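Quick caveat: nothing in here was measured; it's all calculated off a predicted structure.
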Amino acid sequence: MTYQDNYKIWLNENALSEKEKQTLLSMDEKEKEESFYQDLSFGTGGIRGILGLGPNRINKYTIQRVTLGFANYLKSEHKLNGVAISYDNRYGSYEFAYEAAKVLAFNGIKSYIYKALRPTPMLSYLVRHFKTSAGIMLTASHNPKEYNGFKAYNDTGAQLSTDESNKVIEEISKIASPFHIGTLDNDLIHWIGDEIDDIYLNEVEKIAVRHDEKDLKIVYSPLHGTGGTVIPKLLDKTGYTVYSEPNQMKVDPEFSHTKSSNPEDHIAYEKTIELARKKDADVIFVTDPDADRLGVAYKLNDDYHILNGNQTASMMLYYILSEKKQPSGIVYTTVVSSHLLKDIAHKYNQKVGETLTGFKFIGEQAEKNQGKLPYIFGCEESYGSLVSDFVRDKDAVQAVYLLAEILNTLKSRNLTVKDYLDEIYHIFGYYLEDTINLTLKGIEGSKRIIQITDYVRLHGIKIDGFEVKKKIDFSKGMIHPHDIVLPPSNVLKFESDQGFIIFRPSGTEPKLKIYISVKTTSHAASKQKISDLKTAIMAFINQI
């Protein structure tokens, strides 16, 4: 069926309001093609896409269809102990969450849904607290305001496994039309207020390694999202001086007071840096809209320096292992994260499990490992970590709490974050990482991403200054140490004596991500090496 055929079906559908039909009529041909040429694909954890009408957009109808497929999967597996639901600040998030609850109710499945927005890790906690069979989070994480999404969780509080996702996809595919899906508002829908907040935050407080007096000034921003519901309360309760960026504390789907909803982007820190200078703050914490990722900027010489995800994760792991004797357990990281994390773990006699990108895989391994090796820490380079696995997804609330303690400890010892990182680099080598994000939107962008990855898979890479010693193609899957099964994934890793280069199409954004890691004997040398490699990689890609 062509996109024109799909467009006509929607235009003639009596379930659509007059306003929605006018929106369809106002579309130009390019908008029609982008919106109707395919159904949004349910990936390894759910769907994510641009808001709008059509099967390739996030709207009430696509959300209802996915929810019905999820409900049919739960019924087929006799997983009928309810579904926990949460949502972020984006356009439609509350409405979509409510629609999902009503679809579940029509199908005889109870739900527990927050009355107000709450972070993704609190959704994971809600699943585990009520022992529900599943969870749903309405969010597009750190994507721009035009996006929203639906993330699906299993009864462990982790995102669906690959096998579970495939079964849900099969159920969704059986639903030919997204229209006229049954909904019901009844007593199967249980609304949750703030009664879970303190229970969850009490668990967060247990991750503390030290219990010193607090002498740290913090500026915090939730970037208009969910973190504002619990993080300032946690920091204030535990003795920190915290200043929340007032405009960005407002729940706002427009993200009116930030230039980016992604803590990986330096422009996301502009307002908080202004406030930090006024308050002479020691550190800035910025969480993404669903508060599963954390960005950090620390004060040094009257300026603020932004850390990357590998640096914050390395600091956290080094602190956990060096400040308190830990049992011999396992640290989880991903195939695209810095090898520094493996070096730190091995020095302290910890085993290391590497998973594919996506914290769902770390949550899955934490569940499989329960009762075997103690869980020590889990992280990925994209600003996500999990200190304690009482939840099974990355948790920026925990990350804020532990990093606040780390900086408080450093301040009491008259050390800076730079001092601490230099200590780590002196022991393990000067690791440095960077990522090239090639944003390639639309149908043509998708084709270009496929063209580049197919070429690299077939011909390898020829990058000046990088001698490939090992190529790892994850497209057929493999078994990693500690019996970690990596399912097939479109990831290509090239290793040299000094680091790695990885090509990976994003599963949630129209991007080709190229990860670069180097290790030299000095920060200056690593920085120059990264710069040279980025230039050489772009020159190579432009020739493909």
Side-chain angles (χ1 to χ4, degrees), residues 207-221 231 235 238-243 245 263-264 266 268-270 272-287 294-324 338 340-341 343-344 347-348 377 379 381 383 385 387 396 398-434 518-528 530:
I207 71 174
V209 177
R210 302 176 61 87
H211 298 277
D212 301 332
E213 286 291 316
K214 307 299 188 291
D215 182 31
L216 193 73
K217 289 196 286 187
I218 299 167
V219 162
Y220 169 69
S221 170
I231 289 175
L235 294 172
T238 50
Y240 292 101
T241 301
V242 56
Y243 305 99
E245 209 297 317
E264 294 178 86
H266 287 202
Y269 296 79
E270 288 183 357
T272 48
I273 288 174
E274 287 177 18
L275 180 60
R277 285 185 173 131
K278 290 177 185 175
K279 301 296 184 181
D280 191 29
D282 300 296
V283 64
I284 297 166
F285 293 135
V286 175
T287 53
L294 171 66
V296 181
Y298 67 94
K299 185 182 179 186
L300 179 68
N301 299 330
D302 298 320
D303 203 358
Y304 291 89
H305 303 264
I306 298 168
L307 297 170
N308 65 42
N310 284 306
Q311 289 173 318
T312 54
S314 298
M315 285 174 57
M316 293 165 78
L317 179 60
Y318 183 68
Y319 183 83
I320 288 167
L321 295 176
S322 64
E323 290 290 330
K324 181 180 177 182
S338 175
L340 173 57
L341 292 154
D343 288 356
I344 295 170
K347 175 179 171 59
Y348 290 93
F377 185 65
C379 61
E381 53 74 41
Y383 287 54
S385 66
V387 182
Q398 290 189 47
V400 163
Y401 191 60
L402 182 63
L403 280 158
E405 180 187 320
I406 293 171
L407 269 84
N408 189 69
T409 302
L410 293 178
K411 189 174 182 180
S412 72
R413 297 172 182 172
N414 293 315
L415 295 171
T416 66
V417 169
K418 183 180 183 303
D419 295 330
Y420 199 55
L421 285 170
D422 283 342
E423 177 184 322
I424 295 170
Y425 295 141
H426 180 74
I427 298 169
F428 300 102
Y430 280 81
Y431 282 88
L432 193 62
E433 288 77 31
D434 206 344
V518 301
K519 175 188 174 183
T520 72
T521 56
S522 74
H523 178 73
S526 293
K527 191 173 181 180
Q528 186 60 53
I530 284 276

Side chain to side chain contact (heavy atoms under 4.5 Å, CB included) between Met316 and Cys379, intermediate numbers included: CA-CA 10 Å; Met316 293 165 78; Cys379 61; over 6 Å; no
Evaluation steps, side chain to side chain contact (heavy atoms under 4.5 Å, CB included), between Thr520 and Gln528: CA-CA 10 Å; Thr520 72; Gln528 186 60 53; over 6 Å; no
Derivation and outcome, side chain to side chain contact (heavy atoms under 4.5 Å, CB included), residues Thr416 and His305: CA-CA 11 Å; Thr416 66; His305 303 264; over 6 Å; no
Derivation and outcome, side chain to side chain contact (heavy atoms under 4.5 Å, CB included), residues Phe285 and Thr272: CA-CA 9 Å; Phe285 293 135; Thr272 48; over 6 Å; no
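In the model, Ser221 has no side-chain atom that pairs as donor or acceptor with a side-chain atom of Tyr269 under 3.5 Å. The closest side-chain donor-acceptor pair between Tyr319 and Thr409 falls under 3.5 angstrom.
By the neighbour-count criterion of 12 heavy atoms within 6.0 Å, atom NZ of Lys214 is densely surrounded, having more than that number from other residues, nucleotides or ligands. Counting non-hydrogen atoms of neighbouring residues, nucleotides and ligands closer than 6.0 angstrom, the CG atom of Asn301 reaches no more than 12 such neighbours.
The shortest side-chain heavy-atom distance between Val283 and Leu216 falls under the 4.5 Å cut-off. No side-chain heavy atom of Leu432 sits less than 4.5 Å from a side-chain heavy atom of Asp434. Two residues are said to be in side-chain contact when any heavy atoms from C-beta on lie closer than 4.5 Å; Tyr401 and Val387 fail this criterion. In this structure, the side chains of Tyr240 and Asn408 come closer than 4.5 Å at one or more pairs of heavy atoms. Within the 4.5 Å cutoff, the side chain of Leu421 has heavy atoms near those of the Leu307 side chain. Residues Leu410 and Asp419 form no side-chain contact, since every pair of their non-hydrogen atoms from C-beta on lies 4.5 Å or further apart.
The two residues Leu407 and Asp282 make their nearest non-hydrogen contact at CD2-O, 4.3 Å. Ala399 and Ser385 make their closest contact through CB-OG, 3.7 Å (heavy atoms, listed as atom of the first residue, atom of the second, distance). The two residues Phe428 and Tyr431 make their nearest non-hydrogen contact at O-CE1, 3.5 Å. Smallest separation of non-hydrogen atoms from Asn310 and Ser338: OD1-N, 2.9 Å. The heavy-atom pair separating Ala276 from Tyr304 by the smallest distance is O-OH, 3.2 Å. Scanning all heavy atoms of the two residues, the minimum distance from Lys299 to Ala281 falls at CD-O, 3.5 Å.
Using a 4.0 Å cut-off between charged nitrogen and carboxylate oxygen, Lys418 and Asp422 count as a salt-bridge pair. A salt bridge between Arg413 and Glu323 is present, with a side-chain N of the basic residue lying under 4.0 Å from a carboxylate O of the acidic one.
Looking only at distances, a side-chain donor or acceptor of Gln311 sits under 3.5 Å from a matching main-chain atom of Asn308. Looking only at distances, a side-chain donor or acceptor of Thr312 sits under 3.5 Å from a matching main-chain atom of Gly309. The closest donor-acceptor contact from the side chain of Lys411 to the backbone of Asp215 lies under 3.5 Å. For the pair Glu405 (side chain) and Arg210 (backbone), a donor-acceptor distance under 3.5 Å is present.
Scored by the salt bridge (charged side-chain N to carboxylate O under 4.0 Å, His left out) test, Asp302 finds no partners at all (sequence neighbours excluded). Evaluation of the salt bridge (charged side-chain N to carboxylate O under 4.0 Å, His left out) rule for Lys217 yields no partner, not counting sequence neighbours. Taking the salt bridge (charged side-chain N to carboxylate O under 4.0 Å, His left out) definition, one finds that Glu423 meets it with nothing, sequence neighbours left out.
Note that the CE atom of Met315 and the CG atom of Leu402 stand 9.0 Å from one another [nearest 0.5 Å]. Note that CG of Leu341 and OH of Tyr318 are 14.0 Å apart. Values are rounded to the nearest 0.5 Å. For the atom pair CD1 of Ile218 and NZ of Lys279, the computed distance is 14.5 Å after rounding to the nearest 0.5 Å. Here CG of Leu275 is found 8.0 Å from CD1 of Ile284. Values are rounded to the nearest 0.5 Å. The distance from the CD1 atom of Ile207 to the CZ atom of Phe377 is 9.5 Å, given to the nearest 0.5 Å. Taking CD1 of Ile231 as the start and OG1 of Thr287 as the end, the distance is 4.5 Å to the nearest 0.5 Å.
Aromatic rings from Tyr425 and Tyr430 are positioned such that their centres are separated by under 6.0 Å.
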